Amino acid sequence: MKILLKNGNVVNVFTEEIVKADVLIEDSRIMGVGDYADYPVNEVIDLTGKYVIPGLIDGHVHIESTMLTPYEMAKLCLPHGTTAVVADPHEIANVCGVQGVEYMLQASENLPMQVYINLPSCVPATRFDESGAVLTAEKLRPLYAYSRVVGLAEMMNYPGVLFGDQDVHQKLKDARALNKPIDGHAPFLTGRDLDAYIAQGVQTDHECSNIEEAKEKLSKGQWIMVRQGTAARNLSALLPLFDPPYCYRAVLVTDDRHPADLIAEGHIDNVLRLAVRGGKAPVRAIRMATLQVAECFRIPFVGAVAPGYSADIVVLEDLTDFKVTDVFSKGNHVVKNGKLVDFAPPKVEDALQNKVRSSFHVKTFTAEDFIVKKKGENCRVIGVLPGELITEERVLPVDFSKENGVDISRDILKIAVIERHNGTGHIGLGYVQGMGLKTGAIATSVSHDSHNIIAVGASAEDLAFAVNRVAKNGGNVVVKSGEVLAEMPLPIAGLMSEKEGERVAEENAKVRAAVHELGVPASLEPFMNTAFLSLSVIPSLKMTTLGLVRVETQELVPLFVNEK
C-alpha cells in the first residue's frame with residue numbers, strides 16, 4: 001500500500017526546519033520526503049496548510065497508573081498523536097511478579113500505539129515494602145528476550161547502587177552487557193553520590209523538580225525527563241530545558257496520568273501546548289517528544305519524518321494548539337479527521353488473566369484497627385506539597401482528645417497502609433497534613449510501589465469501612481458516615497479497570513469530585529497524591545505497612561518523637 005501525503009508543512013527534527021513537502025509512505029515505512037507529485041500511489045491525501053510531525057512518544061509512563069488496560073489507553077492516546085510509549089510495568093510487577101510483566105507484554109501486543117517495555121528494576125522498591133513479588137536479576141534476565149523490551153526501568157534504589165547491593169549491581173551489569181539503557185530515579189542526589197550512581201550506567205532522570213538539579217544531572221551526561229503528569233507537574237520549573245544546549249538532552253514524559261486528564265487535557269500533546277504557551281519553540285519541543293526519546297532508548301528508525309523511518313506520523317492544524325487531525329501508525333491510517341479507527345484488542349492467556357484478578361488477601365477490619373495508642377505529645381506528620389510527590393517531615397503536637405489525634409482545624413488526618421498480598425495483617429498508622437479532607441475517608445489499592453491498600457480519613461470508622469470496600473472490589477472509594485459516595489473498581493491487580501476508557505474517565509472524575517466535596521482542594525489530585533504517600537524512595541517522610549520511613553536515611557522512624 002502506497003500513500004502520498006501531499007503539500008504538508010513537514011517538521012524536520014534533524015534540522016529544526018519546516019519545509020513544504022510530500023511524504024511517501026509504502027506499507028510501514030516512509031520511503032521519501034520531497035516532491036513526489038508524479039509518483040504512482042494507491043491513495044493521495046492533500047495536507048495543504050497542515051503540519052506533519054513524527055508520532056509523539058511518551059518517554060516514561062506506567063500504563064497501570066492510567067487505570068486502563070494498554071488497549072484502552074491506546075484508544076485515548078492515539079487521537080492525541082501518541083504513537084509510542086516507553087512503559088515501566090513495575091506497578092503490576094509488584095503485585096504479580098514476572099507474570100505481571102508478561103501480562104502487560106501480551107496485553108499491549110500489536111497495538112497501533114507501540115508499547116516498548118523497560119524491565120522493573122526495583123520490585124520491591126525498598127526493604128520496607130511488602131510487595132506481592134520479588135524480582136531478582138535472575139528472574140529479569142529471560143525477559144530481555146522479548147523484542148519490545150528496550151531497557152532496565154527506573155533504578156529507584158539508589159542507596160543500593162551506592163552501597164553495593166549485590167542484586168542491584170547484577171541487574172545493572174546485565175543491562176550494560178546487553179547494551180540496554182538504564183532509567184534513573186534519584187531525587188536530589190548530587191555531588192559524588194550522583195557521580196557514583198551515574199557511573200553504573202544510569203542514563204536518565206525524571207525526578208528533577210528544580211532547574212539546578214536538572215542542570216547538574218544533565219552536565220554529568222544524563223538525559224533529563226521533563227515530567228508533566230497528574231500529580232507531578234514539573235514543566236514550569238524546567239522550562240529552561242527547552243532552550244539550547246539543554247534541549248538536546250531532554251525528553252518529555254507524563255509518568256502517571258489519569259484517564260479524566262487524558263480526555264480533558266490530552267497526553268504528550270498537552271505538554272507541547274504548555275511549553276509553547278511558556279514561550280518555547282514548538283519544533284524543539286516536538287524533537288524532545290519524538291526523535292530524542294528514540295535516541296535515548298536506542299530505538300532505531302523511529303521518531304522522524306524521514307526516509308527509512310517507521311511511518312508513525314501525526315498531522316496537525318497548527319503548532320500552537322497542536323490539534324490532531326490524522327495519525328498514521330506504521331503506515332496505517334488509525335485516526336481520520338480526528339476520529340479513531342476501530343482496532344481489535346490483544347488476546348491474553350487465561351492463566352495470566354486469572355493471576356492478575358486474584359490479588360487481595362486481607363481480613364475484615366474494624367475501627368479498633370485504626371486507633372493510634374498515645375505514646376507522647378509530638379508526632380512525626382507527613383506534610384503534603386501540592387503539585388509535588390516529595391513530602392515534608394513535620395513534627396507537630398497531636399491532640400488525642402480530638403478523634404484520636406485527627407484535627408480538622410489544622411488539617412491533620414489519619415493515614416493507614418494495609419498489607420494486602422500475603423495476609424500479614426500489618427498496618428502502618430499515623431498522620432498526614434495538607435490533604436484538606438474535612439470528613440469521611442478515601443481508600444485505594446493503588447499505593448506506590450507495592451500497591452498495598454492506603455487510606456486517609458477523618459475517623460477510624462470511615463477508614464475501616466473504606467478499606468474493607470477496597471479489599472472487596474479493588475480501586476478507589478470515597479466514603480462518609482458509613483456510606484459510599486463514589487467508587488471506581490479496579491479488578492485487574494487492584495490497578496486497572498476492564499471497562500472502556502471513557503467509562504473509566506467518568507468514574508475517575510466522579511471519585512475526584514466526591515473527594516473535593518469533602519474539602520480536598522482543587523490543587524490536589526486526591527488519589528494520585530495519596531498513592532505516593534507510601535513510596536519510600538521519594539523524600540522525605542512516607543508511610544509503609546511497617547510504619548514511617550525517613551527516605552533520606554532509609555530508616556524506620558517512630559510515630560512519636562520521643563519513642564524509642
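What you are looking at is a predicted structure, and each value in this text was computed from that prediction instead of being measured. Numbering starts at 1 and runs along the sequence shown.
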Margin query: If we ignore hydrogens and angles and just use 3.5 Å, is the side chain of S131 paired with the main-chain N or O of S450 as donor and acceptor?
Written below: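 Not at all, since once roles are kept as given, no pair shorter than 3.5 Å links the two residues.
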Item checked: Any donor-acceptor pair under 3.5 Å from D193 side chain to L189 backbone ->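 Answer holds: no.
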Check: Is the centre of the H90 ring less than 6.0 Å from the centre of the H62 ring?
Finding: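 Ring-ring flag for H90/H62: true, centres closer than 6.0 Å.
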Strictly by modelled atom types, are [X] and [Y] linked by a side-chain donor-acceptor pair under 3.5 Å?
X	Y	value
T126	S536	yes
D167	T136	no
N473	E487	yes

Within this structure, what is the [atom1]-[atom2] distance for the pair [X] and [Y], rounded to the nearest 0.5 Å?
X	Y	atom1	atom2	result
L76	L262	CG	CG	6.0 Å
S497	M67	OG	CE	9.0 Å
E109	Q114	CD	CD	8.5 Å

Check: Only one of D174, L172, V168 forms a side-chain contact (heavy atoms from CB on, under 4.5 Å) with Q170, so which one is it?
Finding: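 Of the listed options, the one satisfying the test is D174.
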Partners meeting ring-ring contact (aromatic ring centres under 6.0 Å, His included) with [X] (sequence neighbours left out):
X	value
Y71	F343
F301	Y309
F532	H448

Check: Any ring-ring contact (aromatic ring centres under 6.0 Å, His included) pairs touching residues 170-221, not counting sequence neighbours?
Finding: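 Qualifying pairs: H60-H206, H185-H206.
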In terms of heavy-atom contacts, does [atom1] of [X] have more than 12 from other residues, nucleotides or ligands at under 6.0 Å?
X	atom1	result
Q166	CD	no
E552	CD	yes
K180	NZ	yes

Check: Does anything in residues 532-548 pair up under salt bridge (charged side-chain N to carboxylate O under 4.0 Å, His left out), and if so which pairs, sequence neighbours excluded?
Finding: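 Non-adjacent pairs meeting salt bridge (charged side-chain N to carboxylate O under 4.0 Å, His left out): zero.
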Check: Per the side-chain hydrogen bond (donor to acceptor under 3.5 Å, both in side chains) rule, which among D256, D88, T254 passes with S65?
Finding: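 In the set D256, D88, T254, the residue that makes a side-chain hydrogen bond (donor to acceptor under 3.5 Å, both in side chains) with S65 is D256.
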Run the salt-bridge test on [X] and [Y] with the 4.0 Å N-O cut-off and return the result as yes or no.
X	Y	value
E507	K499	yes
R257	E265	yes
R357	E498	yes
D369	K363	yes
R503	E500	no
R127	D165	no
K220	D195	yes
E207	R227	yes

Note to self: I'd like to know whether T545 forms a side chain to side chain donor-acceptor pair (under 3.5 Å) with N452, so could you lay out the CA-CA distance, the side-chain angles of the two residues, the decisive distance to 0.1 Å, and finally the verdict.
What the structure shows: CA-CA 8 Å; T545 58; N452 292 298; 4.7 Å; no
Note to self: If you apply the rule side chain to side chain donor-acceptor pair (under 3.5 Å), what do you find for H426 with E130, and how did you get there?
What the structure shows: CA-CA 9 Å; H426 293 161; E130 294 186 288; 2.8 Å; yes
Checklist line | Ring-face cation of R420 near F360 (centre distance under 6.0 Å, axis angle within 45°) | finding: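 Yes, R420 and F360 form such a contact.
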Checklist line | Beyond-backbone contact of R298 with V150, side-chain heavy atoms, under 4.5 angstrom | finding: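 Counting from C-beta outward, R298 and V150 never come under 4.5 Å.
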Next item on the list: State which residues pass side-chain hydrogen bond (donor to acceptor under 3.5 Å, both in side chains) with Q353; sequence neighbours excluded, sorted by chain then number.
Entry: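 Expected list: none.
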Checklist line | Steps toward salt bridge (charged side-chain N to carboxylate O under 4.0 Å, His left out) verdict (D261, R512) | finding: CA-CA 11 Å; D261 296 326; R512 282 184 180 180; 2.7 Å; yes
Note to self: Before you tell me yes or no, could you show the steps for Q292 and R287 under side chain to side chain donor-acceptor pair (under 3.5 Å), namely the whole-Å CA-CA distance, both residues' side-chain angles and the distance that decides it to 0.1 Å?
What the structure shows: CA-CA 6 Å; Q292 290 180 191; R287 179 186 166 107; 2.5 Å; yes
Next item on the list: In sequence, state the C-alpha distance, the side-chain angles, and the governing distance for M156 and D449, and then conclude on side-chain contact (heavy atoms from CB on, under 4.5 Å).
Entry: CA-CA 10 Å; M156 296 178 288; D449 273 332; 3.0 Å; yes
Checklist line | V85 vs I57, side-chain contact (heavy atoms from CB on, under 4.5 Å): CA-CA, chis, key distance, verdict | finding: CA-CA 5 Å; V85 300; I57 309 171; 5.9 Å; no
